Structure formats: structure tokens, C-alpha cells
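Small disclaimer: the values here were computed from a predicted structure and weren't measured. In each ligand, atom 1 is the first atom listed, and ligand 1 is the first ligand listed.
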Amino acid sequence: MTDTIDNIGKDFIRQIIIADNASGKHDGNVVTRFPPEPNGYLHIGHVMSICLNFGIAEEFNGRCYLRFDDTNPVKEDQDFVDSIMADVHWLGFDWEDRLTHAADYFEDLYSCAVKLIEDGKAYVDSLSAGQIREYRGTLTEPGKDSPHRDRSVEENLDLFRRMRAGEFDDGAYVLRARIDMAAPNMNLRDPALYRIRKINHQQTGNAWSIYPMYDFAHTVSDALEGITHSLCTLEFEDHRPLYEWILDNLDLPNRPRQIEFSRLNVAYGITSKRKLAALIEGGFVSGWDDPRMPTVAGMRRRGYTPQSIRNFVRNAGVTKKDKLIEMGALENCVREDLNQIAPRAMAVLNPLKVVFLNHPQGEMEMLPAMNHPNNPELGVREIPFGREIFIERDDFMEDPPRKFFRLRPGGEVRLRYAYIIKCVDVIKNDAGEILEVHCTYDPDTKSGRPGADRKVKGTIHWVSADESVTVEVRLFDRMFTLANPDANHEGKTVADFLNPDSLNVVSEARVEPALVGMEPGTHVQFERLGYFLIDTKDSQPGQPVFNRVVTLRDSWAKIEKAQLAEI
Ligand code: ATP
Ligand code: MG
């Protein structure tokens, strides 16, 4: 990996690692970690960190830990732990035997804190949280020393021991690093290292009454695990001096280097667990796995594939600049992947009945249809064609504009995999609503017949009226009406920007009968309508529910264009 040619096109983090390996730093070892707090489900932003940490370990023959940064038991939960593990596996990464928790190091962390106290580098403070904030100063004014800053080592050790023993109430004392209350970087103004929290922890139960603060736990865990490159998002840049201070002042087996990169943000989505949780609490979505959510669970339920999400994250790249990436870029990756693997089928979302006056009653023929245009391995199926079919209501217009190439009175259109048909009559009710369309079909125009090559301008999809099945289809749109609902909008929350039309349930769609037997979790492309997934949660045997993963956008327009060009 030291060849400079290999470095071209590598992001700045990989460049650093290549240089470190070349210089023999860390003896050529590359050890990374993905460190989620188990306080919510993973979202698309986390996927970037996962791909980066696990990806780098893979590329450089290194190792990557999955470490739960479980230092705040108030917000943590086993369900979150389980979902995070399932999601990382689903994305295609494996921590093997490297599953750890900050809690695994609670005893070591305690010893490190004792060491800092013994060295006069930490003290127990009895100021209240409010007072600590007051004493902290501001960005323009230095802070003030706490009156307890000069407690003796003995007294500090005694108080810290008793904090651990559970002798005091929450908030009575905190352990603080003794750094510099006038430091320009606020993170160095005697940051808290430990606080009292008399609460059960999902890993350690009631063993502890004190819990380490994130910065302290994170740094020491990195060092103890032998992490070489500690990759985190830009908001931790200001914490790096504290990270280094902790490493400088403890005798730890290894010195990791913290490197920051910019967060991945997706337009029309949000990447904050707290805000996603608020959407669930507000009842705006059905849960963490609602198919509209930018969570891994939501994207899986929607039908995005791990490959497409990984491709998206890879294309987004690793930089130091904040970025808001179009949702369309993710959808393109999904399309590209599903295009390869999804068998084709036909469905009609808004059915309009078409009756063929020249087709004998009760007769049905089977027409062959390719399951995939360029993957013959997916085979051929037979679709039933009879006297009555359904087409999309908006593929028929009584009084269409000039460029409308679908069905109109007196006009012709081709049915996909079947015949050219001609509209001869429109049947309406008293209110003037169209009930059905009467057509004739041209028996000579099916595949293998002399008229098979006859051209008409439009091709539409359809299903048999008798042999199709009614199913529920769920169509999704952007969850928000603004590209950046997450930004600070005066006095408003993300809930104010929810798109009221983000979920459209079609309860009477019609699909080919063969689809009813397919397993939940199966992908299919409904021609002209998009890629769909049979929902894994709400489908019942014989009653599939289809989620639209993504629309097809232009692919059908291209087919039509090519057809027009041939004319
Ligand atoms: P949130 O703000 O959603 O709670 P977080 O950063 O607090 O996110 P953690 O569980 O601490 O969530 O994140 C685990 C790792 O994922 C961290 O290293 C964090 O830097 C990284 N991460 C979180 N969000 C993003 C993002 N949008 N882009 C890239 N990496 C991210
Ligand atoms: Mg965090």
C-alpha cells in the first residue's frame, strides 16, 4: 500500500494510514472501532462511520471493534444494542470476537481516575451542576476555579471511593480533571470525568453508582483496545485536546490518534437519533423501522439493499467539509442494484377495466413474459390474458393532449407482452365517471404472429381482471418538505416540516397471481411503477403488502423513446 500510485483517489484518512504504515508507526497495525451509544437505532450517517471503520480494517488487513459506548444508562436499552448488532451484520460487516463495551472497562477506568487523583490531576468537586456551568465562563471570558479545586489527594481519594460506594446522591459530587479554567478551549476547563448516577446499567446492573463521562471513557477504551486510528465526526475536533490530555496523563498501553471527518447528511432526511426518536414519540411514523425513516431498520424494511447503501456511502466520500447529499443519489444506487436482481412483474395501482368485445367469454390464454430483460436465468413466466383486463386509470384519457401516446377513444396502444388494442367505446355512469373502456384486440399482433412487429407509439402494463389479485401497496415520498429540516429554523422543530403525503396507501391494487406466493422480503419490479419489496412485517400468508422501494424514473421513458425512434 505504500506505492504512491495506490494513494491516488484515496481519501485523507486512508492517506494518513498509508503514511503511518510507511513510517512504521503502530508497527503497521491498523485497528479501528465503531463506537455507537446504544440510545437509538442506527441511521444512514452511522452507516458511513461503519463502512469507514470496518472498511479500512478490511483494506489494511487490520481489525475493527464494535464497541458500545454505554456510559449513559439513563438513555440506553437492550433493544438498541440488539438492533445495532443486527444492522451492522445486515450491512455486511463482522466484528468477529471484537464485541466490547465501555462497561467492560469500568474497573480500568476507575483505576485511571484514581491515578489522576493521586497525581493531583483530578479532584472531587461539590459544586452543583448549575454552579459548575456558572464557573465555567464563556467563549470570551475565562472560567473561575472551583473552591474545591485544591482538596488534598487523600480527601479526593476518600470522596471518590465513597462516590463509588453509593454513599451520596446523584449530583452531590463530580470528579473533574484538573486542567485549566482559563483554557481558550472550553473542553479543557476542568471537564467532568465521573458523575454519580444511581441507576441500573444494561450491562453491569447495579454494580456501579458512578459512571464515566463520554470523553474519558472513550479515550481510555480506545487506548486499552489498541485502537490505532480513532475516527470520529467533526464535532469532536474541539475535544481532541482533551483526548490528548487524557493520553498524556495516563500510562496506557497504546496511543491512538483521533482523526475527524465530516458527518454525512442526507437531504430531506435527518440524521440525529434524538430527532428521529421524537418523530416516533410524536406518532408521526410507526417506529424506528418505518420505511420512511433514514434508519438502517427503516431502509431495510423499505427494501434498500446493503450493497446499494454501501455504494452510496462510498460515492459520498470522506472529507472534512460538511455536506448535504441528495436523497436521489441514494435512490440511484438502490435502482442500480435492484435493476440487476429484481424479477419483473405487472401490477395496476389504480385499476380501470377494459373489455375486449372481440374476445370470447370465459376463454383464457397464457402469454409468455420474460422475468428479466437481460438475465435469462430468471426465466419466463406465463401471464393470463382473457376478455377483461385492468389498466391504469391514467393510461386512458378521453380527451388527451397531443403528445399522449397511451389509450384514447379510437386510439391504439400495445399491451406489454400481449396485443395491440384499440378503444372503441367508453362506458360511464350517470355522474359521467368512466366505469370501463371497451376495446378490440388484434389477435395478429402477439409475439410469433405476422403482426407482432407492428408499431404503435405507446406500450402500457396491465393485469387480467379475473386472475389478478387485490393487494395493498404502500407508496412513499420524502418525509420532509424541506431539504434541511434538521437545521435551526426559528422556533420550529422537524415535526413542522413533515410531508403530509409521505405515505400513500393503495388498498386495491391488482397484481399478477404468481406474486401472492412470494416470500416476504422478496424484491420485484412492477413494470413502469418502480421496485417493490414484499413487506416483512405486515404481509400475511396469501396477502402480501408491497412497499415501493423506489420509482423507476426514466427507464420506461427511454424504452418509449427507443420505440418512437424506430417508427
Ligand atoms: P446522533 O447525533 O444521531 O445521536 P451520535 O454521533 O451521537 O449520533 P453515536 O452512537 O455516538 O451517535 O455514533 C457512533 C459513531 O457514528 C460515532 O463515531 C459518530 O461520529 C458516527 N456518526 C454519527 N452520525 C454520523 C453521521 N451523520 N455521519 C458520519 N458518522 C456519524
Ligand atoms: Mg454520540
Side-chain angles (χ1 to χ4, degrees), residues 11-13 31-57 64-77 79-85 87-88 91 93 95 100-102 202 213-215 217-219 221-222 225 227 229-240 243 256-280 288 293-299 309-310 312-325 327 329-330 484-487 494:
D11 59 68
F12 76 100
I13 295 180
V31 187
T32 56
R33 83 286 169 272
F34 171 62
E37 290 179 66
N39 60 354
Y41 278 52
L42 298 179
H43 52 61
I44 183 75
H46 294 117
V47 178
M48 165 152 200
S49 179
I50 293 168
C51 290
L52 191 61
N53 282 293
F54 281 95
I56 282 178
C64 182
Y65 286 81
L66 172 61
R67 184 205 311 144
F68 286 104
D69 252 323
D70 48 358
T71 51
N72 186 3
V74 183
K75 294 188 184 159
E76 293 161 8
D77 194 274
D79 176 44
F80 297 142
V81 171
D82 295 341
S83 76
I84 289 169
M85 293 200 284
D87 287 351
V88 172
L91 285 165
F93 298 104
W95 54 87
T100 57
H101 308 80
Q202 36 96 15
M213 299 301 288
Y214 180 85
D215 283 320
H218 190 79
T219 312
S221 306
D222 275 354
E225 267 168 15
I227 303 301
H229 300 85
S230 177
L231 314 178
C232 60
T233 32
L234 274 180
E235 69 269 24
F236 290 100
E237 201 164 24
D238 287 349
H239 296 237
R240 182 163 15 107
Y243 191 89
R257 168 170 176 191
Q258 175 176 312
I259 305 169
E260 308 87 15
F261 60 94
S262 60
R263 292 175 80 91
L264 172 69
N265 298 302
V266 181
Y268 296 96
I270 50 178
T271 48
S272 152
K273 280 179 281 193
R274 190 173 53 77
K275 291 178 184 171
L276 292 170
L279 294 179
I280 299 167
W288 289 101
M293 292 278 267
T295 51
V296 175
M299 293 188 288
I309 300 172
R310 289 202 308 262
F312 165 71
V313 165
R314 194 195 50 227
N315 296 346
V318 183
T319 63
K320 280 259 187 199
K321 255 196 265 136
D322 261 335
K323 51 184 170 240
L324 187 65
I325 299 189
M327 193 71 100
L330 175 54
N484 60 344
D486 218 1
V494 291

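Taking each heavy atom of Leu330 and Met299 in turn, the nearest pair found is CD2-SD, 4.2 Å.
Contact annotation: the side chain of Met48 never approaches that of Ile44 to less than 4.5 Å [non-hydrogen atoms, C-beta and beyond].
With sequence neighbours left out, the side chain to side chain donor-acceptor pair (under 3.5 Å) criterion links His101 to Asp104, Gln203.
Between Glu225 and Arg67 there is a salt bridge, since a side-chain N of the basic residue sits under 4.0 Å from a carboxylate O of the acidic one.
Short contacts between ligand 1 and Lys273, defined as distances under 4.0 Å to a heavy atom of the residue, involve ligand atoms 1 (P), 3 (O), 4 (O), 8 (O), 9 (P), 10 (O), 12 (O). Residue-ligand proximity, Ser272 to ligand 1, at heavy-atom distances under 4.0 Å covers atoms 3 (O). Using a 4.0 Å cut-off to heavy atoms of Glu37, the atoms of ligand 1 that qualify are 7 (O), 9 (P), 10 (O), 11 (O). Under a 4.0 Å criterion applied to the non-hydrogen atoms of Phe34, ligand 1 contributes the atoms 14 (C), 15 (C), 16 (O). Listed by number with element, the atoms of ligand 1 under 4.0 Å from a non-hydrogen atom of Pro35 are 14 (C), 18 (O). Close approach of ligand 1 to Thr233 is summarised as follows: ligand atoms under 4.0 Å from at least one heavy atom of the residue are 19 (C), 20 (O), 29 (C), 30 (N), 31 (C).
Not a single donor-acceptor pair under 3.5 Å links the side chain of Lys275 to the backbone N or O of Pro485. Side chain of His46 to backbone of His43: a donor-acceptor contact under 3.5 angstrom is found.
Between Tyr214 and ligand 1, no N or O atom pair is found at a separation short of 3.5 Å. Backbone and side-chain nitrogen or oxygen atoms of Arg274 are examined, and none is located within less than 3.5 angstrom of a nitrogen or oxygen of ligand 1. For ligand 1, none of its N or O atoms has an N or O atom of Pro36 under 3.5 Å away. Taking only nitrogen or oxygen atoms, main chain and side chain alike, Phe261 does not reach within less than 3.5 Å of ligand 1. Between Arg263 and ligand 1, at least one N/O pair is under 3.5 Å apart. Ligand 1 has a nitrogen or oxygen under 3.5 angstrom from a nitrogen or oxygen of His43. Checked against a 3.5 angstrom limit, the closest N/O atoms of Asn39 and ligand 1 fall outside it. Some N or O of His46 is nearer than 3.5 Å to an N or O of ligand 1, by distance alone.
Screening residues 263-272 for salt bridge (charged side-chain N to carboxylate O under 4.0 Å, His left out), with sequence neighbours left out, gives Glu235-Arg263.
Side-chain contact, Ser49 with Asn53: a donor N or O sits under 3.5 Å from an acceptor N or O.
Of the options Asp11, Leu234, Val318, a side chain to side chain contact (heavy atoms under 4.5 Å, CB included) to Phe261 is made by Val318 and by none of the others.
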